[in-house]
Amino acid sequence: MAPKSATAVSPFLKPGTAVEVCSEDDGFRGSWFTGKIVRRLANNKVSVEYDSLTEDDEGTKPLKETLHIRQLRPLPLPETQHEFKFGDEVDAYHNDGWWEGHITEELGNGRFAVYFRVSKERIEFPKEELRTHREWIDDHWDPPFELPKQEEQVNESNKVLLTPNAKSEEAVNKVLLTPKAKSVEAVNKVLLTPNVESEEAVNKVLLTPNVESEEAVKLKKKEELFCVGALVEVSSDEEGFQGAWFSATIVEVMEQEKFLVEYHNLTDDDGQLLREEIDSLHIRPPPPPENGVVAQFSRLDEVDALHNDGWWVGVISKVLGDSKYIVYFRGTNEELEFQQSELRVHQDFIGGKWVMAKVVQAR
């Protein structure tokens, strides 16, 4: 999240106002905790008392901190509709706060797997503990909150299930709940097949002999992506290198999902190209180049910037013109200038697919 301009004081910054606070401490980036403003201070700072964070081990004394106003925002509006899908950018309620992540899998029964980029963790949540991720920009929510859907719209969406060849709602459920269905794609194939008239016909479609299981397809694709000689990008958890990806080639595939890689631009003490053992959490294929090209970037677009031999994730904080931009790096709290050719749209490789936190379209 790019820092908010402090030139104009937002109307919600009054003593006693309930707010959400974004921490800039290591281990807490990408999280929001609720609290209230105690008082305004000089130099665009405020004193805040947290609701769930405490100063003592007993948990009896609420934590108070002095923060810059760019770290505060009002409480998001409550939402009654919870419709999430793969790739959605969400906030998940975890460890007394809301943490930014991406949905990587729909598990059924209203549960979802969420991947957290900062900690590289994948945790399951019920939909009640998720909300759509939003940014507070210029005193407005982005994306904006939608008005509740009308009952007629809900009824229209329900009609999708009753395709022309489905005799009844019971028939649809019978197809969806058949134990022989191996995947969502297989079920959709049944529902969209124009001449399915019986359970026998349904099972014939579902049990095609040459359809590989979803798990087998994923494993095969992973082996192809990360074989010896494959070009990859590698990240590091070392201090000062978080948020950066460096180009490398896989030299050896090792046991327990580990790889020996040789970097393209990093060298060791002898001036030779650096080789390093990497686990599967810190390796990915290069992003598709066509997804990273846009006519121009806009303020607050999330990008990767080519800097110090690697790609570093940041946010466009200012458009200078002549294909030049100022990029803000949250990890180091720095702003640097880059040419358009030194930037690409930021993408995350989640569950074998590329996901953009904010879709940037050619302008």
Roughly how far, to the nearest 0.5 Å, is [atom2] of [Y] from [atom1] of [X]?
X	Y	atom1	atom2	value
Q339	D322	CD	CG	8.5 Å
D348	R117	CG	CZ	4.0 Å
H133	W32	NE2	CH2	8.5 Å
E124	E129	CD	CD	11.5 Å
S323	F338	OG	CZ	15.0 Å
W312	T332	CH2	OG1	8.0 Å

List the steps, then state whether side-chain contact (heavy atoms from CB on, under 4.5 Å) holds for D88 with L130.
CA-CA 11 Å; D88 281 354; L130 300 177; over 6 Å; no
Might you point out which heavy atoms bring [X] and [Y] nearest each other, and give the distance in Å?
X	Y	result
I123	H94	CD1-NE2, 3.9 Å
I350	F86	O-CZ, 3.8 Å
G314	F329	CA-CD2, 4.0 Å
F116	A92	CZ-CB, 3.9 Å
E49	P62	CG-CB, 3.7 Å

Would you say that [X] contacts [Y] through its side chain, given a criterion of any heavy-atom pair below 4.5 Å between the two side chains?
X	Y	result
R131	Y93	no
N44	H68	yes
Y328	I326	no
L41	V46	no
V327	I316	yes
S235	R284	no
K85	I103	no
P74	W141	yes

Would you please test V315 and L300 for side-chain contact (heavy atoms from CB on, under 4.5 Å) and show each step?
CA-CA 6 Å; V315 176; L300 300 180; 4.3 Å; yes
Going by the angle between their ring planes, with limits at 30° and 60°, are F112 and F84 parallel, tilted or perpendicular?
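Plane angle over 60°, so perpendicular.
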Go through the steps for F297 and V345 under the test side-chain contact (heavy atoms from CB on, under 4.5 Å), then give the verdict.
CA-CA 9 Å; F297 293 101; V345 175; 3.9 Å; yes
Salt bridge E105-R122, side-chain N to carboxylate O under 4.0 Å
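A salt bridge is present here (some side-chain N lies under 4.0 Å from a carboxylate O).
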Using a strict cut-off of less than 4.0 Å between a Lys/Arg side-chain nitrogen and an Asp/Glu carboxylate oxygen, indicate whether R134 and E20 qualify as a salt bridge.
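The answer is no: the pair does not qualify as a salt bridge.
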Expected output: side-chain S236 to main-chain F241 donor-acceptor under 3.5 Å:
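No; judged by distance alone, with no hydrogens or angles, the pair does not exist.
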Taking it one step at a time, do Y115 and K120 satisfy side-chain contact (heavy atoms from CB on, under 4.5 Å)?
CA-CA 7 Å; Y115 173 77; K120 295 183 173 64; 3.6 Å; yes
